[in-house]
Every structure is written in structure tokens, then in C-alpha cells.
Amino acid sequence: MADKIKNAKIVFVVGGPGSGKGTQCEKIVAKYGYTHLSSGDLLRAEVASGSDRGKTLQAIMQKGELVPLDTVLDMIKDAMIAKADVSKGYLIDGYPREVKQGEEFEKKIGAPALLLYIDAKGETMVKRLMKRGETSGRADDNEETIKKRLDLYYKATEPVIAFYEQRGIVRKINSELPVDEVFAIVEKAIDELK
Ligand SMILES: Nc1ccn([C@H]2C[C@H](O)[C@@H](COP(=O)(O)OP(=O)(O)OP(=O)(O)O)O2)c(=O)n1
Ligand SMILES: Nc1nc2c(ncn2[C@@H]2O[C@H](COP(=O)(O)OP(=O)(O)O)[C@@H](O)[C@H]2O)c(=O)[nH]1
Ligand SMILES: [Mg+2]
């Protein structure tokens with residue numbers, strides 16, 4: 001089964017909470033027909049299902065912590081296989097969150113061709129998340145959890161970017177700009193892949 005996705009084009013989309021990963025991914029899907037897999041959305045779907053596993057996940061996410069690596073990776077892999085026949089490429093949004101997650105992904109699935117580093121200032125991310133929290137209904141879009149998510153991002157996820165920079169596949173995207181200007185930079189990075 002996993003053979004089906006062995007040669008797939010894989011793009012990691014990494015950035016802090018509220019940096020604009022999901023927003024840019026939607027635009028990439030519209031223009032390039034890639035399959036968008038947000039690890040956070042997959043986890044939230046499991047929570048919404050009301051399963052026992054979902055209940056455990058909910059508690060972890062509400063604290064702003066990371067769920068066990070294997071749980072997320074299995075979900076991503078299953079979702080990738082389900083789309084293998086129609087996918088032009090995969091946007092893996094919000095993963096890897098730590099270097100170990102990247103290493104395991106490569107062992108079980110394959111290597112990324114590109115890492116889009118969606119970069120915004122800490123204060124920008126907090127502002128965006130507080131605004132999103134007014135309507136998102138997300139249990140983790142509150143001031144206390146946002147602070148923990150940001151701290152964990154700087155501690156665990158920024159090293160992921162350094163790790164892939166050595167491989168020359170990181171494109172840093174300034175997401176302080178308006179959405180369409182950010183996308184213009186994203187387009188260049190995706191076009192280079194062809
Ligand atoms: N690989 C992952 C992805 C997510 N999570 C957990 C911890 C996160 O705090 C929560 C929500 O993930 P999101 O990617 O949705 O959250 P972010 O805050 O990073 O980004 P966004 O603003 O896109 O929701 O799920 C995790 O443990 N491991
Ligand atoms: N000004 C501005 N706002 C953005 C941009 N990208 C996202 N936002 C806003 O920031 C919030 C978080 O964006 P989202 O895509 O959910 O970020 P993610 O957490 O990285 O997936 C959303 O409510 C967006 O409206 C951008 O490039 N510029
Ligand atoms: Mg998102």
C-alpha cells in the first residue's frame with residue numbers, strides 16, 4: 001500500500017501557530033490541485049468523532065502540548081494513501097513539529113521535496129489567533145494555550161527548519177504581508193519544483 005505514495009511530491013508546510021499555513025495551503029490547492037493534509041485538522045476530526053482516542057487527544061491539545069508521534073504519523077499516512085490515485089502532490093501542514101517527527105515521516109513515507117517556512121512575528125501570530133478565536137470554536141485558540149503553543153513552536157519546531165536548511169530545501173516566506181503577496185512568493189517556490 002505504502003508503495004503507492006513512494007514517489008509522491010511532498011511539501012512540508014511549517015510555521016508557528018497562526019502564521020498562515022492553512023490560508024496559504026488553501027490557495028495552493030486551488031491553483032495546483034495538491035492534496036492538503038493538516039495534521040491539526042486530522043486530529044480535530046478524531047476528537048469530533050467522540051472516540052476514546054479523540055478524548056485523549058482533546059486533553060493534550062487543550063494544554064497546547066504535542067500528541068504522540070505515532071498517532072499523527074499514522075493518520076497522515078492513511079490519509080495520503082487514500083488520495084494516492086488522484087493526488088498531484090501533498091501539502092503536509094503543521095508537521096513535522098519536532099525533528100524526530102520529520103525523521104520518522106521519512107522512514108515510513110518518504111522525503112520532502114520542499115519545506116515552506118511560513119514566517120511571522122510572535123506578536124502577529126498572537127493577534128491573528130486571538131481574532132480567529134472569536135469564531136473558530138477551537139479549544140486551543142485562547143490566550144493561555146496560545147502562549148504555550150508559541151513557546152513549544154520556538155523550542156521544538158524551529159529546529160526542524162534548521163535541520164532541513166542543511167539540505168537546501170527550505171524556502172522562507174514572509175507572511176507579514178497581505179495574503180495575496182505572500183502567495184506570490186509561495187507560487188515561485190512551488191513553480192521551482194516542476
Ligand atoms: N504534528 C502535530 C500537529 C498538531 N498537534 C497538536 C498540537 C497542536 O497544538 C494542535 C493543533 O495543531 P494545529 O496544527 O492545528 O495548530 P497550530 O496552532 O500550530 O496551527 P493552526 O493555527 O494552523 O491551527 O494539535 C500535534 O501534537 N502534532
Ligand atoms: N494579514 C494577514 N493575515 C493572515 C495571513 N495569513 C493568515 N492570516 C490570518 O491569520 C489567521 C490564522 O491563519 P491560518 O491560516 O489559520 O494559520 P495557521 O495557524 O498557520 O494555519 C487567520 O484568521 C487568517 O485570516 C496573511 O498572510 N496576512
Ligand atoms: Mg492551520
Side-chain angles (χ1 to χ4, degrees), residues 1-29 31-43 66-81 83-84 87-122 125 149-177 181-194:
M1 266 309 239
D3 278 0
K4 283 218 274 190
I5 47 175
K6 221 167 58 190
N7 297 314
K9 208 180 286 172
I10 294 166
V11 177
F12 284 162
V13 184
V14 178
S19 59
K21 302 179 296 291
T23 302
Q24 292 301 319
C25 282
E26 258 177 52
K27 296 180 78 71
I28 298 169
V29 169
K31 175 159 182 189
Y32 297 92
Y34 278 35
T35 300
H36 176 207
L37 297 176
S38 157
S39 49
D41 288 350
L42 292 171
L43 292 167
L66 292 180
V67 311
L69 190 160
D70 291 335
T71 309
V72 197
L73 190 52
D74 287 348
M75 283 180 176
I76 293 175
K77 190 174 171 187
D78 290 347
M80 286 179 80
I81 290 170
K83 293 283 167 104
S87 191
K88 297 201 171 83
Y90 293 96
L91 296 167
I92 309 297
D93 166 5
Y95 186 102
R97 285 293 226 275
E98 54 187 1
V99 172
K100 183 98 188 3
Q101 288 190 0
E103 290 171 341
E104 288 302 311
F105 183 100
E106 295 198 40
K107 267 191 224 156
K108 287 200 182 166
I109 299 171
L114 170 70
L115 186 154
L116 289 176
Y117 166 26
I118 310 295
D119 181 40
K121 286 186 288 196
M125 295 192 268
R149 286 155 69 198
L150 259 188
D151 286 348
L152 189 59
Y153 168 71
Y154 290 122
K155 202 171 85 198
T157 311
E158 277 200 342
V160 171
I161 296 159
F163 179 80
Y164 287 104
E165 236 152 27
Q166 300 164 17
R167 255 190 239 176
I169 64 163
V170 174
R171 292 291 174 277
K172 183 173 176 176
I173 313 291
N174 175 7
S175 74
E176 293 284 336
L177 303 166
E181 288 175 40
V182 177
F183 187 59
I185 314 171
V186 167
E187 280 177 304
K188 282 195 196 123
I190 303 271
D191 287 337
E192 278 173 25
L193 273 184
K194 289 204 196 121

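Keep in mind that the numbers below use all heavy atoms, side chains included, and drop hydrogens, waters and symmetry copies.
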In sequence, state the C-alpha distance, the side-chain angles, and the governing distance for I161 and V170, and then conclude on side chain to side chain contact (heavy atoms under 4.5 Å, CB included). CA-CA 7 Å; I161 296 159; V170 174; 4.1 Å; yes
Is it the case that over 12 heavy atoms from other parts of the model lie below 6.0 angstrom from the CD atom of E26? no
Reported CG-to-OG1 distance for the pair L37 and T35, which is rounded to 0.5 angstrom: 6.5 Å
Minimum heavy-atom separation for L91 and C25, please, with both atom names. CD1-O, 3.8 Å
Do E106 and P112 touch side chain to side chain, with heavy atoms closer than 4.5 Å? yes
With a 4.5 Å limit on heavy-atom distance, are the side chains of E192 and R171 in contact? yes
Kindly check if the number of other-residue, nucleotide or ligand heavy atoms within 6.0 Å of NZ (K9) is above 12? yes
With heavy-atom distances below 4.5 Å as the criterion, would you say the side chains of V11 and L193 are in contact? yes
Non-hydrogen side-chain atoms of L73 and I109 separated by less than 4.5 Å: yes
Shortest non-hydrogen pair, S175 vs A120, comes out as OG-CB, 3.5 Å
Are K77 and F105 packed together at the side-chain level, in the sense that at least one heavy-atom pair is separated by less than 4.5 angstrom? no
Heavy-atom side-chain proximity of Y90 to I76 below 4.5 angstrom: no
Does the side chain of I28 come within less than 4.5 Å of V186's, by heavy atoms? yes
Which pair of non-hydrogen atoms, one from M125 and one from P17, has the smallest distance, and what is that distance? CB-O, 3.3 Å
In terms of side-chain geometry, is the basic nitrogen of E158 or R97 positioned less than 4.0 Å from the acidic oxygen of its partner? no
About how many Å separate NZ of K88 and NZ of K83, when rounded to the nearest 0.5 Å? 12.5 Å
Shortest non-hydrogen contact between V160 and E98, atoms and distance: CG2-C, 3.3 Å
Among V67, L42, D70, side chain to side chain contact (heavy atoms under 4.5 Å, CB included) partner for M75: L42
Rounded to the nearest 0.5 Å, what's the gap from OG on S87 to NE2 on H36? Could you check? 12.0 Å
Distance flag, aromatic centroids of Y164 and Y117, threshold under 6.0 Å: no
S38 side, atom OG; Y95 side, atom OH - distance, nearest 0.5 Å: 13.5 Å
Closest contact, heavy atoms only, K21 versus G16: NZ-O, 2.9 Å
Go through it in stages, so that I can follow the logic: the residues are K100 and E104, the test is salt bridge (Lys or Arg N to Asp or Glu O under 4.0 Å), and I'd like the CA-CA distance, side-chain angles, deciding distance and then a yes or no. CA-CA 6 Å; K100 183 98 188 3; E104 288 302 311; 3.6 Å; yes
Any chance you could measure I5, atom CD1, to I81, atom CD1, to the nearest 0.5 Å? 4.5 Å
Just so I know, are the side chains of D93 and F12 near enough to count as touching, which here means a heavy-atom distance under 4.5 Å? no
L116 and I190 have their tightest heavy-atom pair at CD1-CD1, 4.3 Å
Give the C-alpha distance, both sets of side-chain angles, the deciding distance and a yes or no for side chain to side chain contact (heavy atoms under 4.5 Å, CB included) between T157 and L152. CA-CA 7 Å; T157 311; L152 189 59; 5.9 Å; no
More than 12 foreign heavy atoms under 6.0 Å from NZ of K31: is that the case here? yes
Rounded distance [0.5 Å steps], CD in Q101 versus CD1 in I92: 12.0 Å
